[in-house]
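Each chain gets a letter, A, B and so on, in the order the sequences are listed, and its residues count up from 1.
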Protein chains: 2
Amino acid sequence: MDSKNTESISLTTLQRLPNYLRYLKTCEQQGIVYISSVMIAKGMDLTPMVVKKDLAVAVITEGKPKLGYCVESLIYDIEKFLGYDNTKDAVIVGVGKLGHALMAYEGFSNYGLNIMIGFDANVTTSEVNGKKILPMNKFVDLVKRLNIHIGIITVPKENAQEIADLMVSAGVRAIWNWAPIKLEVPNNIAVKQEDLAASLAVLSNRLKELMKKE
Amino acid sequence: MDSKNTESISLTTLQRLPNYLRYLKTCEQQGIVYISSVMIAKGMDLTPMVVKKDLAVAVITEGKPKLGYCVESLIYDIEKFLGYDNTKDAVIVGVGKLGHALMAYEGFSNYGLNIMIGFDANVTTSEVNGKKILPMNKFVDLVKRLNIHIGIITVPKENAQEIADLMVSAGVRAIWNWAPIKLEVPNNIAVKQEDLAASLAVLSNRLKELMKKE
DNA sequence: TAGATTGTTAATCGATTAACAATC
DNA sequence: TAGATTGTTAATCGATTAACAATC
């Protein structure tokens, strides 16, 4: 069916797609109906070539020479490609300050993610934003029963591996790990490491380069 | 002096460096004195070649054939390279749940970052972990006076650009932006965008690939 | 000495950039 | 029709991988 995306999309393109979406939606709101790769590139600090290449792999919509791409169709296609059209349920383990922040963040609904329930070893609050917080002993049963495939880990690094194991045993297939530790999981489980140390390394390196120039 | 790092280091290598550090410290704690690129690669899911190349650009320490690299020297060199040896002060603007979590996170001290003060339009708490939270009208003066060069933005996206402008006017040179919006700043200012939508796109794409295989 | 491991040089791979024919 | 823009094919660039001589 999907003759496209048979071979997997490049990581860089994939990471840019949500940004296209964000930009195109602001264009749509301004009443722009057709947009060229040149315009998109200008608005997003890319080159037109990157835009054309990215769209070519992620989108069915074809651009019209001289006119550009239909904004509405692009939005539709990209949302479809990213799976934003059918929201995926997730659970989060570790409702400390960070976990709390992620649970409360409204923006994830725009990304097709619904954090349904929070779990914590020490439950201190019963709800965040109308979402229940439950003790760990309910975890495996509930995740299995609700058939939830995405787990978010925001526990201290000492406990992250055991939580990952628990998630895998409960049928979780994709883990978003915020603990600064490399998780060991079976190779049929996807892990995305959120690496703040790497982000900081990039930022402070750029800062150093800037300072050197003066 | 530093004949190395004249030409800038590759982004991928840079992002891996904090992970080397983390791994090497666990080795040190286990009493390992010398370690080979093969061992490091095994412990970190890399290839020995990547390890050797990365170390070659970031480190002064030379490996000894048959023996490997001195763990202690590697740690010293990488910390130096990443600037962890002299801690940098930062301020954060937007002490909602996320900002609160970042302010309270102890781990940043390991990365040479010290979030000194929080600012917020509506101050509800006066302190987080012994760090003051102040109203915005104190921002420019204080940041200038303390000569702070790093700013973290955790305000809603509607306000992120004005906060960035304010930071720039106060002498901030590097911005870590958690709001999902592309900031416009002068080109002598470094910006690191924290892009959760991109992370989620990667994770859910991998999940999709996994599901397809079954 | 023999062999494992480093460090460097060459080959491969993939992504970005350039060039250009097709087309509205 | 003329010209801007798409989509595709080729060239470049940079990072990863392979090969191998040097060396402890």
Side-chain angles (χ1 to χ4, degrees), chain A residues 3-17 19-20 24 27 32-74 77-78 81 198 201-202 205 209, chain B residues 3-17 19-20 24 27 32-74 77-78 81 198 201-202 205 209:
Chain A
S3 68
K4 303 208 179 198
N5 86 4
T6 301
E7 52 214 51
S8 66
I9 189 173
S10 92
L11 198 65
T12 46
T13 297
L14 187 55
Q15 289 174 319
R16 280 191 291 263
L17 288 178
N19 294 317
Y20 287 113
L24 290 167
C27 292
I32 298 170
V33 178
Y34 281 90
I35 193 166
S36 71
S37 59
V38 179
M39 273 290 281
I40 296 176
K42 217 164 262 168
M44 293 180 59
D45 258 356
L46 301 170
T47 66
M49 274 317 313
V50 169
V51 175
K52 284 194 274 183
K53 278 277 162 75
D54 285 346
L55 294 181
V57 298
V59 133
I60 299 164
T61 306
E62 294 191 350
K64 292 200 183 70
K66 176 107 189 192
L67 236 191
Y69 304 83
C70 169
V71 174
E72 198 187 343
S73 309
L74 285 184
D77 284 354
I78 296 175
F81 189 96
V202 172
N205 186 262
E209 299 282 320
Chain B
S3 68
K4 303 206 176 198
N5 88 2
T6 301
E7 52 214 49
S8 66
I9 190 173
S10 92
L11 197 67
T12 47
T13 297
L14 187 56
Q15 289 174 318
R16 280 190 292 263
L17 288 178
N19 295 317
Y20 287 113
L24 290 167
C27 293
I32 298 170
V33 178
Y34 281 89
I35 192 166
S36 71
S37 58
V38 179
M39 274 291 281
I40 297 176
K42 217 164 262 168
M44 293 179 58
D45 257 357
L46 301 169
T47 67
M49 274 317 312
V50 169
V51 175
K52 285 194 273 182
K53 278 278 162 76
D54 285 348
L55 294 181
V57 298
V59 135
I60 299 165
T61 306
E62 293 190 352
K64 294 202 180 70
K66 177 109 187 191
L67 236 190
Y69 304 83
C70 169
V71 173
E72 198 186 344
S73 308
L74 285 184
D77 284 354
I78 297 175
F81 189 97
V202 172
N205 187 260
E209 300 283 320

* Structure fact -> With both pairing distances under 3.5 angstrom for Watson-Crick or G-U wobble, and | for a partner in another strand, the correct string for DNA chain D is ..||||||||||||||||||||||

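- Looking at which nucleotide of DNA chain C each of B:Tyr69 and A:Arg16 is closest to, the 5′-most match is held by B:Tyr69.
- Taken residue by residue, residues 33-43 of chain B places no heavy atom nearer than 4.0 Å to DNA chain D.
- Here A:Thr12 pairs with A:Ser10 under the side-chain hydrogen bond (donor to acceptor under 3.5 Å, both in side chains) rule; sequence neighbours left out.
- Residues that satisfy the side chain to side chain contact (heavy atoms under 4.5 Å, CB included) test with B:Val33, not counting sequence neighbours, are absent from this structure.
- Contact annotation for A:Thr47: backbone-only contact, meaning every heavy-atom pair under 4.0 Å involves sugar-phosphate atoms and none involves a base.
- Not counting sequence neighbours, the partners of A:Tyr20 by the side-chain hydrogen bond (donor to acceptor under 3.5 Å, both in side chains) test are A:Asp54.
- Residue A:Ile60 comes nearest to A:Asp77 through the heavy atom pair N-OD2, 3.0 Å, listed as atom of the first residue, atom of the second, then distance.
- Between the CD1 atom of B:Ile9 and the CZ atom of B:Phe81 there is a distance of 3.5 Å, given to the nearest 0.5 Å.
- Both A:Lys64 and A:Lys53 lie near DNA chain D, and the one whose nearest nucleotide falls closer to the 5' end is A:Lys64.
- Where DNA chain D meets chain B (any atom under 4.0 Å from a heavy atom), the bounding nucleotides read 5' to 3' are D:dA15 to D:dC24.
- Annotation: salt bridge (charged side-chain N to carboxylate O under 4.0 Å, His left out) contacts involving residues 44-53 of chain B, sequence neighbours excluded, comprise A:Lys182-B:Asp45.
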* Please step through side chain to side chain contact (heavy atoms under 4.5 Å, CB included) for the pair A:Arg16 and A:Leu46, ending with a clear verdict. => CA-CA 10 Å; A:Arg16 280 191 291 263; A:Leu46 301 170; 4.0 Å; yes

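- For B:Leu11, the side chain to side chain contact (heavy atoms under 4.5 Å, CB included) partners are A:Val202, B:Gln15, not counting sequence neighbours.
- The side chain to side chain contact (heavy atoms under 4.5 Å, CB included) check on B:Pro48 picks up B:Ser37, B:Val38, B:Ala41, with sequence neighbours excluded.
- A search for side chain to side chain contact (heavy atoms under 4.5 Å, CB included) contacts involving A:Leu67 returns A:Tyr34, A:Lys64, not counting sequence neighbours.
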